[in-house]
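Worksheet: one structure, shown below.
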Amino acid sequence: MLKFKQIYETLSSMHGPQGWWPLLELHNHKTNKGTNPTKTGSMQGYHPNNYTYPQTERQKFEICLGAILTQNTAWPNVEKALTNLNAIKAIDQKIINEITIELLKELIRPAGYFNQKSIYLKEFTKFFLKLKGNAPSRERLLEVKGIGNETADSILLYAYRQPEFVVDAYTRRIFTNLKIIKEEATYMEIKGLFESNLKKDFKIFQEYHALIVEHAKKYYLKKEDYNRCPLLKQKV
DNA sequence: AACCAGGACGTGA
DNA sequence: TCACGTCATGGT
């Protein structure tokens with residue numbers, strides 16, 4: 001199963017360094033200008049070749065909010081919601097905890113599913129406050145309403161820099177197309193495959209997932225394009 | 001103008 | 001367990 005690492009190398013050379021998770025504060029920042037010109041969405045907020053984020057508790061919390069808001073939702077919509085929150089300084093555990101659910105719904109409306117996501121954000125924020133800066137276990141995270149497998153792994157990998165591989169719809173789509181995983185494989189089975197075939201390094205896990213999303217946006221939007229995926233030829 | 005996005009939950013078999 | 005309906009805005 002050398003495939004997993006080779007595909008990672010191929011994707012990396014195809015798309016370049018990704019620098020996930022995108023952060024609001026890095027928008028229009030001089031040190032980040034011009035990076036990732038091919039990326040969809042805002043094309044900003046990423047930090048390629050820099051694995052030192054999050055650097056503040058605020059950034060850590062922002063990643064968690066984004067991970068919940070982006071469930072089955074395109075990132076530009078999430079950015080609008082985060083921008084709305086930021087406008088009233090609400091990317092802050094204490095603020096989210098204090099504002100009314102009605103106001104919260106209004107602010108995150110662009111991200112969709114605002115009725116349930118507002119509840120999820122409130123629930124997670126209470127959980128986050130209780131952590132007092134400590135990293136949660138995956139099991140405890142999953143007990144929070146609104147945090148499923150992928151969101152838990154996203155939070156652990158990008159907010160807490162822990163080597164938990166994130167499996168999303170794109171991952172399944174690409175690797176079933178390459179016939180490396182079977183259609184019926186569960187989330188945990190796919191996660192296990194990646195984790196057992198890669199060095200347990202959060203930087204590699206972060207890059208790999210980001211590369212999968214970037215690659216899927218180029219070749220896996222429409223079914224007719226699946227057969228255009230360059231990985232079908234490079235496969236060993 | 002349908003279709004779907006960096007999913008998760010509740011329900012009923 | 002598991003298949004299925006539900007949730008909602010915004011871009012293509």
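In the text below, chain A, chain B and the rest are named by the order of the sequence lines, each starting its count at 1. What you see is a predicted model; the values in this text were computed from it and never measured.
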When you look at NZ of K200(A), are more than 12 heavy atoms from neighbouring residues, nucleotides or ligands closer to it than 6.0 Å?
yes
Answer yes or no: does a side-chain N or O of T73(A) lie under 4.0 Å from OP1 or OP2 of dA8(C)?
no
Quick one: do F194(A) and F175(A) satisfy ring pair (Phe, Tyr, Trp, His ring centres under 6.0 Å)? Show the steps, please.
CA-CA 11 Å; F194(A) 279 89; F175(A) 284 80; 4.9 Å; yes
Gap between atoms CG and C1', on L82(A) and dG10(C) respectively (whole Å)
15 Å
With DNA chain B as reference, determine whether S154(A) or K145(A) sits nearer its 5' end, using the nearest nucleotide of each.
S154(A)
State whether R173(A) places a side-chain N or O below 4.0 Å from either non-bridging phosphate oxygen (OP1 or OP2) of dC4(B).
no
Considering only the P atoms, how many Å lie between dG10(C) and dC9(B), rounded to the nearest integer?
24 Å
Is N115(A) near enough to dA8(C) that one of its side-chain N or O atoms lies under 4.0 angstrom from OP1 or OP2?
yes
Can you tell me how the ring of Y8(A) sits relative to the ring of Y208(A), calling it parallel under 30°, perpendicular over 60° and tilted otherwise?
tilted
When you compare dA3(C) with dA5(B), how far apart are their C1' atoms, in angstrom units rounded to a whole number?
22 Å
Nearest-nucleotide 5' precedence on DNA chain B, K223(A) against G148(A):
K223(A)
Is any side-chain N or O of K80(A) closer than 4.0 Å to OP1 or OP2 of dG11(C)?
yes
Nearest whole Å is fine: how far is dC7(C) P from N77(A) CG?
18 Å
Spacing of D168(A) atom CG relative to dA5(B) atom C1', expressed in whole Å
11 Å
So which nucleotide from dC7(C), dG10(C), dC9(B) ends up closest to the side chain of Q116(A)?
dC7(C)
Counting side-chain heavy atoms from CB outward, which of dG10(C), dG7(B), dC9(B) is closest to Q71(A)?
dG7(B)
Rounded to the nearest 0.5 Å, what separates atom CD in E195(A) from atom CG in D153(A)?
7.0 Å
